[in-house]
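Any value given below was found using the heavy atoms of this structure, including those in side chains, with hydrogens, waters and symmetry copies removed. A, B, ... follow the sequence lines: proteins, then strands. Residue 1 opens every chain.
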There are 2 protein chains.
Amino acid sequence: MRPNLHTTGWPLNGEAGLATVMLLVANSDYDVAVTEATNSGAATVPSRRGRGDKSSPTIYDIAKLAGVNPSTVSRALSKPGRVSAKTQKIIEDAAEQLNYRVNPFARALPTGRTQTFGLIVADITNPTFFDIIRGAESTGSSRDYTLVLAESAESADTEVTASRRMLSTVDGLILASPRMDDEQIRALAADKPVVVINRDVDGVPCVVPDVTKGIGQAVRSLAANGHKQIAYVAGPAQSWMSARRWEGVQSASEWSKLGAVRVESSKPTVDGGRYVARDILDSGATAVITYNDLLAIGLMQELQAAGVRVPDQISIVGFDDIFGADFTTPPLTTVRSPLGECGSRAATLLLDMLHGNEGPSGAIHVDTELVVRGSSGRLLA
Amino acid sequence: MRPNLHTTGWPLNGEAGLATVMLLVANSDYDVAVTEATNSGAATVPSRRGRGDKSSPTIYDIAKLAGVNPSTVSRALSKPGRVSAKTQKIIEDAAEQLNYRVNPFARALPTGRTQTFGLIVADITNPTFFDIIRGAESTGSSRDYTLVLAESAESADTEVTASRRMLSTVDGLILASPRMDDEQIRALAADKPVVVINRDVDGVPCVVPDVTKGIGQAVRSLAANGHKQIAYVAGPAQSWMSARRWEGVQSASEWSKLGAVRVESSKPTVDGGRYVARDILDSGATAVITYNDLLAIGLMQELQAAGVRVPDQISIVGFDDIFGADFTTPPLTTVRSPLGECGSRAATLLLDMLHGNEGPSGAIHVDTELVVRGSSGRLLA
DNA sequence: CACAAACTGTCAACCGGTTGCCAAAAATTG
DNA sequence: CAATTTTTGGCAACCGGTTGACAGTTTGTG
């Protein structure tokens with residue numbers, strides 16, 4: 001087997017007020033013995049100057065061992081076909097013998113290429129984004145790219161800041177449910193490849209779940225269960241996707257001859273869901289579709305605490321089908337967004353763009369579907 | 001206000017079979033106007049300075065503008081006090097005018113310092129680690145450090161691999177619930193500062209929740225509710241913490257004159273919990289303490305599905321108090337580990353070590369406590 | 001077989017900072 | 001005011017790769 005000569009690099013210093021985390025998923029199996037490094041417990045703290053004894057091998061070491069020029073080594077390891085098969089072999093053997101790993105910093109410096117792409121999400125603690133992250137990460141990793149994540153704390157300004165900063169050290173960027181406006185997104189896209197998830201921005205490649213199908217199923221299901229009036233709990237005001245979902249609810253309700261009202265939430269979290277419980281009761285609706293599952297869970301908890309029976313008195317339908325949506329009692333009925341697929345598609349798109357391919361002109365659509373569980377059903381009231 | 005001259009760097013290339021994700025949390029508020037850069041497409045500052053209008057300014061640009069040597073710029077920006085206040089001012093002004101950001105790659109190359117520390121967790125999808133990550137990230141960020149995360153997929157080998165790889169590009173390392181053996185950990189610690197969470201390794205600084213208190217409360221509470229026989233659902237075989245919890249359960253049970261049996265789980269997840277339901281019923285225990293909340297949730301779901309009433313017939317107590325533990329019906333009683341605090345303490349410890357302080361000799365202990373919710377109670381059977 | 005085209009390896013110039021060493025300048029002291 | 005110490009800034013050598021230019025070899029073609 002050909003030795004794997006690449007390695008993984010890392011972020012550097014956090015900016016005050018701008019923290020950084022990086023996640024490294026290791027499912028590898030081959031890698032040369034590591035335990036051997038167990039030298040005497042002379043715990044050498046990396047003292048100020050302490051370079052010394054055990055720095056890792058460089059292409060110069062390989063060059064010396066292989067009897068060639070360092071530039072030849074560099075080419076052998078990164079420009080396939082540029083050197084003869086014979087030299088290639090010699091160099092690879094030497095590299096393996098020395099257990100060589102490229103220094104990512106040294107590599108990034110002259111090239112500017114970082115083998116890295118960014119993903120900006122509104123809130124990392126929101127499980128919704130978890131699948132997107134997973135999806136993007138896995139396709140990224142399968143193509144030797146590293147995913148860099150940033151959170152915008154649901155703020156458009158922070159989002160722009162983080163994106164800008166990221167863009168300078170990343171090869172491309174994925175924006176999941178961006179809150180900034182279209183112009184800002186296009187401005188970013190002018191600098192480096194950008195792909196947007198959960199929103200349709202003209203002139204920028206997008207991956208968007210088509211809510212029509214899922215919402216249609218949900219509304220028809222509610223209508224079939226005797227509901228006449230449904231409420232939609234909206235997400236953040238700047239959320240493009242929240243607007244689409246509300247449109248979907250409206251048009252599906254119209255089709256099914258139901259009334260639909262919109263209720264605003266303070267934030268798209270469990271707490272936010274709790275806070276809208278009263279508004280829901282006041283609205284007179286017997287069925288609720290929420291912008292996301294967290295709102296649905298919070299709402300259900302609060303309603304149940306107030307003695308409202310779910311789904312007998314009020315049916316609740318969430319959105320996204322996040323991890324934990326089935327922890328509740330009754331388990332949550334929800335419109336599943338293929339978030340993992342979105343993340344994965346977006347990453348594929350971006351990586352293709354990084355490799356020279358043009359991005360698609362229109363948005364890529366993926367389907368949503370209703371997952372019926374216990375929180376929705378026939379109206380008994 | 002003094003301009004912030006630092007910036008954030010990123011990871012580089014993923015290794016085949018070793019994926020990388022990085023999370024960047026932006027809660028910043030100050031930062032020189034960034035939105036301004038987005039209005040007109042070509043609003044790239046005075047740009048005409050060098051040649052290409054797209055590359056970001058370097059210390060050489062600043063040096064030229066300020067009329068000093070690049071090395072002086074370097075010192076002004078990173079070695080406080082090394083240059084005179086006057087020159088310092090001139091340089092800082094020039095830097096701000098050019099909207100300078102250090103190139104993290106260029107900085108890391110000669111110094112080896114990355115302003116980065118690693119955190120290795122067994123499973124990123126496990127919410128248990130979420131708080132640890134959060135805690136470590138936030139203290140890290142407050143001290144201008146970037147957190148790099150890796151997942152070991154519950155495998156000791158992968159863990160060693162990931163740690164080794166990480167160690168080469170990170171200033172220090174935090175191991176959360178490591179699965180590798182003590183020797184391997186000490187070997188890592190010999191290279192660079194290492195802090196361990198959820199395990200006590202001799203000779204290495206550790207942050208460990210003291211399960212005694214929480215488990216004591218849990219067992220006494222169960223005893224007071226009439227239970228005579230309790231079961232412990234164990235976690236992964238290599239988990240040091242799982243062993244400690246089992247010991248805690250045994251000794252507390254002995255003290256309270258209860259019988260205690262141990263049941264093995266296949267994996268510490270919701271599914272793992274479902275799979276042990278039969279074993280639990282067979283064990284004859286009327287109360288269960290699980291290695292973690294996920295197991296408890298899965299177990300409870302499966303038992304309820306089998307018609308077992310919780311807590312009337314069986315009481316269930318989880319461990320950790322993860323996000324979502326209260327989504328269940330009944331909400332989960334659990335022994336809360338101050339995971340966030342562990343992460344935060346570990347980061348503080350590590351950063352102190354990076355700044356020259358010696359690590360503590362013994363392990364740092366943090367308390368656990370019982371959180372009583374609905375899944376435990378009086379035995380009615 | 002002569003000549004052009006294709007292939008290979010070397011040289012050297014970066015990429016953008018950092019830092020040891022040294023000398024000029026400033027501050028302190030006798 | 002001269003001698004000495006302390007500051008301060010400049011020079012240049014890295015850190016570890018990448019890459020354009022170029023020359024020596026091979027290979028291909030007529």
Side-chain angles (χ1 to χ4, degrees), chain A residues 5-7 9-10 12-13 46-52 54-64 66-91 94-95 98 100-115 168-169, chain B residues 5-7 9 12-13 49-52 54-64 66-91 94-95 98 100-115 168-169:
Chain A
L5 300 166
H6 297 275
T7 188
W10 279 262
L12 297 165
N13 71 357
S47 57
R48 9 213 342 165
R49 303 263 139 10
R51 197 88 187 95
K54 53 169 40 179
S55 59
S56 48
T58 71
I59 56 168
Y60 296 89
D61 299 322
I62 298 179
K64 213 182 308 171
V68 297
N69 189 284
S71 60
T72 305
V73 176
S74 172
R75 293 204 168 94
L77 301 185
S78 51
K79 294 256 180 338
R82 179 58 172 76
V83 301
S84 70
K86 205 180 86 216
T87 327
Q88 178 88 26
K89 176 79 169 65
I90 298 177
I91 290 176
L98 294 175
Y100 170 79
R101 318 258 118 173
V102 298
N103 178 327
F105 305 120
R107 169 119 83 190
L109 191 45
T111 60
R113 283 183 275 102
T114 58
Q115 287 288 81
S168 67
T169 24
Chain B
L5 300 167
H6 298 274
T7 188
L12 297 166
N13 72 356
R49 207 146 303 288
R51 40 329 198 241
K54 62 166 302 169
S55 63
S56 49
T58 72
I59 56 168
Y60 296 90
D61 298 324
I62 298 180
K64 213 182 311 170
V68 297
N69 189 285
S71 62
T72 306
V73 176
S74 173
R75 291 197 175 101
L77 301 185
S78 51
K79 294 251 175 353
R82 181 56 173 75
V83 302
S84 70
K86 205 180 86 217
T87 332
Q88 177 87 27
K89 176 78 168 64
I90 297 177
I91 291 175
L98 295 174
Y100 170 79
R101 318 259 121 173
V102 297
N103 178 327
F105 305 120
R107 169 117 88 190
L109 191 45
T111 61
R113 283 184 273 101
T114 58
Q115 286 289 83
S168 67
T169 22

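- Residues A:S78 and A:R107 come closest through the heavy atom pair CB-NH1, 3.7 Å.
- Residue B:I91 contributes atom CD1, which lies 8 Å from atom P of D:dG10 at whole-angstrom precision.
- Residues satisfying the side chain to side chain donor-acceptor pair (under 3.5 Å) criterion with A:S84, sequence neighbours excluded, are A:T87.
- Closest heavy-atom contact between A:Y100 and A:I59: OH-CG2, 3.4 Å.
- One finds a side-chain N or O of A:S84 lying less than 4.0 angstrom from the OP1 or OP2 phosphate oxygen of C:dG9.
- Under the side chain to side chain donor-acceptor pair (under 3.5 Å) criterion, B:K89 pairs with B:D93, sequence neighbours left out.
- Between atom CZ of residue A:F105 and atom CG of residue B:N103 there is a gap of 11.0 Å, rounded to the nearest 0.5 Å.
- Taking atom CG of residue B:N103 and atom C1' of nucleotide D:dG16, one finds them 14 Å apart after rounding to whole Å.
- Judged by distance alone, with hydrogens and angles left aside, the side-chain atoms of B:T72 form no donor-acceptor pair with the main-chain N or O of B:V68 at under 3.5 Å.
- Separating the CD1 atom of B:I90 from the P atom of D:dT8 is a distance of 13 Å, rounded to the nearest angstrom.
- Closest of all the heavy-atom pairs between A:A108 and A:T114 is CB-CG2, 4.4 Å.
- Atom CG in A:L109 sits roughly 9 Å away from atom P in C:dG17 (whole-Å rounding).
- Direction change of the helix axis from one end of the helix from C:dC1-D:dG30 to C:dG30-D:dC1 to the other is 30°, with five pairs defining each end axis (rounded to 10°).
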Quiz item: How does protein reach along nucleotides 18-25 of chain D, written 5' to 3' as B (base within reach of a heavy atom under 4.0 Å), S (only sugar-phosphate), or - (no contact)?
Solution: BBBB----
So which protein N/O to nucleotides 23-27 of chain C N/O distances come out below 3.5 Å?
none

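- Shown here are the side chain to side chain contact (heavy atoms under 4.5 Å, CB included) partners of A:L98, two or more places apart in sequence or in another chain: A:P57, A:D61, A:I62, A:L65.
- The shortest non-hydrogen separation linking A:A94 to A:A66 is CB-CB, 4.2 Å.
- Under the side chain to side chain donor-acceptor pair (under 3.5 Å) criterion, B:S71 pairs with B:N69, not counting sequence neighbours.
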